[in-house]
Amino acid sequence: MACNKETHSEHICALTARGEIDKVHQLTLQPTVECGNCGAKARDVDAVCDPVQLPEAGWLGD
């Protein structure tokens with residue numbers, strides 16, 4: 001999904017710029033994608049401008 005003028009206002013970067021921290025917090029719980037532009041991590045591809053799938057995290061230790 002490409003970022004455009006209509007959808008950008010609901011992306012994490014735009015919400016952060018407007019100070020809507022509570023909304024940003026909800027969008028960033030249990031992230032599955034990262035924005036290729038700004039690095040913001042989100043649960044849903046619709047919350048960032050350039051979504052890149054995060055790798056699955058396996059077991060990280062004993």
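None of these values were measured; they are calculated from a predicted model. When reading the values below, keep in mind they use all heavy atoms of this one structure, side chains included, and skip hydrogens, waters and symmetry mates. For reference, positions follow the sequence shown, starting with 1.
Within a 6.0 Å sphere centred on CD of Gln53, heavy atoms belonging to other residues, nucleotides or ligands number more than 12.
Counting only heavy atoms from C-beta outward, the side chains of Arg18 and Ser9 approach each other to under 4.5 Å. In this structure, Leu54 and Val33 have side chains that are not in contact, with every pair of non-hydrogen atoms separated by 4.5 Å or more.
The SG atom of Cys3 sits 11.0 Å away from atom CG of Asp46, with the distance rounded to the nearest 0.5 Å. The distance from atom CD of Gln30 to atom NZ of Lys41, rounded to the nearest 0.5 Å, is 15.5 Å. Rounded to the nearest 0.5 Å, atoms NE2 (His11) and CG (Leu27) are 10.0 Å apart.
Of the possible polar contacts, one joining the Arg43 side chain to the Gln26 backbone as a donor-acceptor pair under 3.5 Å is found.
Val45 and Leu15 fall within a single hydrophobic cluster, where Ile, Leu, Val, Met, Phe, Trp and Tyr are joined by side-chain heavy atoms under 4.5 Å apart, directly or via other members.
Closest non-hydrogen pair, Thr28 versus Ile12, comes out as CG2-CD1, 3.7 Å. Residue Cys35 comes nearest to Cys38 through the heavy atom pair SG-N, 3.5 Å, listed as atom of the first residue, atom of the second, then distance. Taking every heavy atom of both residues into account, Thr7 and Asn4 meet most closely at N-OD1, 2.9 Å.
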